[in-house]
Each structure stands twice: as C-alpha cells, then as structure tokens.
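Here's the structure we're looking at; comments come further down.
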Amino acid sequence: SKRPGWGESMLVLPPATTQRETLMDSTTATAELGWMVHPPSGWEEVSGYDENMNTIRTYQVCNVFESSQNNWLRTKFIRRRGAHRIHVEMKFSVRDCSSIPSVPGSCKETFNLYYYEADFDSATKTFPNWMENPWVKVDTIAADESFSQVDLGGRVMKINTEVRSFGPVSRSGFYLAFQDYGGCMSLIAVRVFYRKCPRIIQNGAIFQETLSGAESTSLVAARGSCIANAEEVDVPIKLYCNGDGEWLVPIGRCMCKAGFEAVENGTVCRGCPSGTFKANQGDKACTHCPINSRTTSEGATNCVCRNGYYRADLDPLDMPCTTIPSAPQAVISSVNETSLMLEWTPPRDSGGREDLVYNIICKSCGSGRGACTRCGDNVQYAPRQLGLTEPRIYISDLLAHTQYTFEIQAVNGVTDQSPFSPQFASVNITTNQAAPSAVSIMHQVSRTVDSITLSWSQPDQPNGVILDYELQYYEKVPMGGTQKGQKKKKKKKLIKKLCD
C-alpha cells in the first residue's frame, strides 16, 4: 500500500501553567528508531517528512486484504524518571475502509495501546509475550478523521492527534506497544511525557516544581516558602498539583513585611524607595513620607522628623511631623481686689496640631524688688490651672497689695518632645485692698457667773492693717425664744451682764 503523506495537524495545547517533561519523542530521532515488530510482515519503519519538511521516522501498516491480523510494534525501554503517571501523544492517520476497493469486512480503523513495566531493559523478541497479559491495555485508539483516496490526490493528509495516560507506574521504566488488527494506518509521531506543575510564585510564596499524581484526579500537596522579605500570614502555605499539572486550591499566604512592597505581580518584595515608607506587613504599597519628615535609607518602616519637628507617641506614622506652638496673643487682665480674670487669643502658629491647650504659671513677686517665687497652693484656678482648652481663666484667693506675674503657656502633643521650653505670654498685675480673712481659732480664757474672757489669733490673711474686730454673741434661750446681739471692737474684752 502507498504510504500516506503529511498534511494539517490538530494539536492539543496544554494549559499555560502546565509543564511537560518529555521521556521519549520519535520525531527527534536522527537514525532508524529500531523498534521491535511482531510479526516481521506487520509494521514497517519508513522515512517521511513533517509539515515543516523535516525528515522523520514513522511506522505504517496496511494488511487489510489479509484476515486475522495481529501486528505488534514495541518501543525501546523508556525510563520514567520519577513520574507516577505517563502521558502518550500519538499522531497518526487511518485510511477509511470504505475508500479501499474490494476491502474485506475485517478492515479496521482503530488500534490498541499497551504498556509493560520493568526494572531494566529486559525485553527480547519473544519477551514479554505478544498478548494483552502481561501487557496492560491503555485504550483502543480511534481516528476522529480518516483520509480517503480523494484526500491523497489533493495532497491533503488528515492527521489525528490523541493523548492517553496511564498510571500509577512504580518501576524503573516501561515499554509501549501498538497493536494493529487489520487497519491501514501510519503512526507518524509518538511523544511520551509526564506532567508537572511548574515552579511558581503565588500568594507571596515560592512553590517548587511538583510532579503530578498517579491518577488523573490526584491532588499532590506542595508546601511553599515565603519569598524574600515576606512573612507568613496564614499557615500552612500550600498549593495542590492536579493530574493535569495545574496548580489548584491555594491555602495560606505570605505578605511583604514592613518596609517592603510587592512588585512584579507580587513575585518580589522590594524595599521602599528613599522618601517612602511602609509601617506594617501587608499588601499595601509604600507611601511617601508625610510633611516635615524623611527617610535615611531604603526599606524604611517609618519616616524621621526633620530638625525642629516631632511626632507624639500616639501619632500615626502617616501623620505629618509637627512642632510646638507659638505664644498666645493679646492677653487681657482684669483685677478685682484679690481675684483676676485673664483672657487671650490663640497663638499665630499652632504647630500644625489640633491638640492645643494652655497652662498657667503663677509667680508671686511680693511688694518689694525680690525674686519672684511660684504661688502657693492657696491660689484657686477656675476651671483649672493646666490643660485649658479655652483662652480664659478666673484666678482667686490672691494676696492683697501683691505683685504677680502670670505666664500663659501654649502647649500641644509634641511640647514634651522639644528640648525647648514652651512659648508663653506674660502679664504683670498688682492686687487691690481686700477684706481680711475670717478668724480661724477662738479660745475661752476665763468665765464667771456673769462674764467671759476670750482670745483669738490674727487672720491668716489680714490683707492690710487690722483696725478693729467685730464680736457677735447670742443669748441662749429656750426653743421658740428670741436672741440678742452686741458688738465690741477690741481684740480682748471682758463682757459683763450677758443676762438681763
């Protein structure tokens, strides 16, 4: 029979994530393939050309006019190289039986594919036996398209491409066999391969190439490791390699650590460029340093404040650095005897913050020219002395005829970070005359039937020269009665005739 020629091909392309590792490819042979045939009158090795006019070695058989055909073709020993499941891609053409004149009913348009495992190259002309057992049948291969005489005359060859797989395989290698039982066909190319999932970076982790499982439904777990400068977020980090060499079912992930951002589609964690930072682990990109701050190197986790600017302990790292406020302005004082009202306007510059408050520092300068000292605890402040949120305060219980200096400090959240004292505005005032404070202690010196002698100490705050005292006394009468009062103006006085 005439050997069919080459023509169009229909290739089944694997998914992009699949890798094929070739174990044997008949199209790469530069000399005779030298496969074993049985019987010798069956398969025949011939030279041909592929679609690119490259010389290839093929096998053909066409004993359709002879009945009871049983023609075997066996490859050389193929080492499996760790694979658990083997794939066989076959390119072939089959003559349409109906296109062959006077062909008997025994004409076939299919052939069988077998495999046999072995630990070494042990096959001979008679071993293993040319039959289904010990050979293991993979499948009966049928043509999707067959060619007719018309196709040949038009120089058009219809080439079939079929892929079959088998497993699990566990021994060192195997043979393939092709059984013809009455067809007219050409076995153009045979490629044997196994699938593996390629090395991949996914979810921030590196997964090394992994062989697919022994079954088409197998899922082989592969543990991943974080890429450089990434940290585990969810563990364990896994991917599963399916029987087709595709990665599935991602579990866990890694994220770029602080100071690094994901680039190149998440395959690299790059240090933040100068002038940018990233405070926390995660998928976010590095961000530019906030105002009044900078970085000192790449891979920064925070930006350093420039000279004269600061960051409070609770300030977020993406907040601009700020400074201390300027002094309050336009202080107005209003003295009323020994009390004082102070009012002012906010500083021209708050330092870039919204947590501005005021502190009041009271200094008593006495009536002379001596140094001023801090006021005592007796001075009262309303609403309070420190942490004022409004620009006003009422101060009472000052000493009369006394000079005071009040400093109104403007402070904010970074005042404590600055080596300098807070900015302040000061005002000097002098208190006026005021009534003395009350007598706090009185003692009974003596008493008689109709008299009593009393003594007392000078008030704590005389607020000037004491001119006299006013003494009030009341007669003790039964309930429902009336009271009488009498006034005396001396510090110590004998009072007689308390009762009429």
Side-chain angles (χ1 to χ4, degrees), residues 10-25 75 78-90 112-119 135-142 144 161-176 190-256 262 264-269 281-283:
M10 297 174 61
L11 296 178
V12 179
L13 297 178
T17 57
T18 298
Q19 273 191 346
R20 294 182 175 186
E21 194 71 23
T22 299
L23 299 174
M24 187 274 289
D25 188 349
T75 67
I78 303 170
R79 297 193 177 275
R80 70 179 179 92
R81 286 157 45 183
H84 299 291
R85 188 166 190 84
I86 305 299
H87 300 262
V88 182
E89 181 187 72
M90 298 159 285
N112 292 327
L113 172 65
Y114 295 89
Y115 75 95
Y116 176 82
E117 286 193 83
D119 287 324
W135 289 90
V136 179
K137 184 175 180 180
V138 178
D139 200 3
T140 296
I141 311 300
D144 292 330
T161 300
E162 295 288 339
V163 179
R164 297 291 187 272
S165 64
F166 57 89
V169 289
S170 57
R171 305 180 77 170
S172 297
F174 56 92
Y175 302 90
L176 294 180
V190 178
R191 186 162 77 97
V192 182
F193 62 92
Y194 62 89
R195 287 194 171 114
K196 61 182 179 182
C197 292
R199 182 183 183 274
I200 192 175
I201 298 177
Q202 187 165 332
N203 289 353
I206 302 171
F207 297 88
Q208 301 299 337
E209 66 178 30
T210 302
L211 300 183
S212 61
E215 302 294 337
S216 59
T217 57
S218 297
L219 291 178
V220 179
R223 291 296 299 267
S225 57
C226 292
I227 61 177
N229 300 310
E231 298 170 332
E232 294 180 350
V233 178
D234 302 313
V235 292
I237 304 170
K238 285 184 181 181
L239 273 183
Y240 287 89
C241 181
N242 72 3
D244 292 326
E246 298 170 318
W247 289 113
L248 300 174
V249 199
I251 297 176
R253 62 184 314 195
C254 300
M255 289 186 177
C256 294
E264 299 181 21
N265 294 323
T267 61
V268 174
C269 286
Q281 175 198 73
D283 290 331

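- Looking at heavy atoms from C-beta onward, Ile201 lies in side-chain contact with Ile227 at the 4.5 angstrom threshold.
- Remark: Asp139 engages Arg164 in a salt bridge (Lys or Arg N to Asp or Glu O under 4.0 Å) (not counting sequence neighbours).
- A donor-acceptor contact shorter than 3.5 Å is absent between the side chain of Ser165 and the backbone of His87.
- We find the CG-CE distance between Asn203 and Met255 to be 9.0 Å, quoted to the nearest 0.5 Å.
- Here Arg191 pairs with Thr22 under the side chain to side chain donor-acceptor pair (under 3.5 Å) rule; sequence neighbours left out.
- Residues forming a side chain to side chain donor-acceptor pair (under 3.5 Å) with Tyr114 (at least two apart in sequence, or on another chain): Gln179.
- Remark: Asp283 pairs with Arg253 by the salt bridge (Lys or Arg N to Asp or Glu O under 4.0 Å) rule, at least two apart or across chains.
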(request) Step by step, work out the side chain to side chain contact (heavy atoms under 4.5 Å, CB included) result for Thr75 and Val190. (result) CA-CA 10 Å; Thr75 67; Val190 178; 5.5 Å; no
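- Between the side chain of Trp247 and the backbone N or O of Pro198, at least one donor-acceptor pair lies under 3.5 Å.
- Take Glu231 and apply the salt bridge (Lys or Arg N to Asp or Glu O under 4.0 Å) test, not counting sequence neighbours, and it matches no residue.
- Rounding to the nearest 0.5 Å gives a distance of 11.0 Å between CD1 of Ile237 and CD1 of Ile251.
- Remark: Phe166 engages Tyr115, Phe174 in a ring-ring contact (aromatic ring centres under 6.0 Å, His included) (not counting sequence neighbours).
- For the side-chain contact (heavy atoms from CB on, under 4.5 Å) test, residues two or more places apart in sequence or in another chain that qualify with Ala118 are Phe77, Tyr116, Ser122, Tyr175.
- The local environment of CZ in Arg79 is sparse, with at most 12 non-hydrogen atoms from other residues, nucleotides or ligands closer than 6.0 Å.
- A distance of 11.5 Å separates CZ of Arg195 from CD1 of Ile86, quoted to the nearest 0.5 Å.
- For Asn265, there are no side chain to side chain donor-acceptor pair (under 3.5 Å) partners two or more places apart in sequence or in a different chain.
- Taking NZ of Lys238 as the start and CG of Leu219 as the end, the distance is 11.5 Å to the nearest 0.5 Å.
- Partners of Asn242 according to the side chain to side chain donor-acceptor pair (under 3.5 Å) rule, which considers only residues two or more places apart in sequence or in another chain, are Glu246.
- Atom CG of Leu176 sits about 9.0 Å away from atom CE of Met90, to the nearest 0.5 Å.
- Counting only residues at least two apart or on different chains, the disulfide (SG to SG under 2.5 Å) pairs with a member in residues 221-251 are Cys197-Cys241, Cys226-Cys254.
- A distance of 6.5 Å separates CD1 of Ile141 from CD of Glu162, quoted to the nearest 0.5 Å.
- In this structure the side chain of Phe193 reaches within 4.5 angstrom of the side chain of Glu89, judged on heavy atoms.
- Between Leu239 and Ile200, some side-chain heavy-atom pair lies under the 4.5 Å cut-off.
- Under the side-chain contact (heavy atoms from CB on, under 4.5 Å) criterion, Ser225 pairs with Ile206, sequence neighbours left out.
- The two residues Ser170 and Arg80 have their closest heavy-atom pair at O-NH2, 3.0 Å.
- When every heavy atom of Ala228 is checked against every heavy atom of Cys269, the shortest pair comes out as O-CB, 3.4 Å.
- A salt bridge (charged side-chain N to carboxylate O under 4.0 Å, His left out) check over residues 205-227, counting only residues at least two apart or in different chains, returns the pairs Arg85-Glu215, Lys196-Glu209.
- Side-chain contact check for Gln281 versus Val233: some heavy-atom pair is nearer than 4.5 Å.
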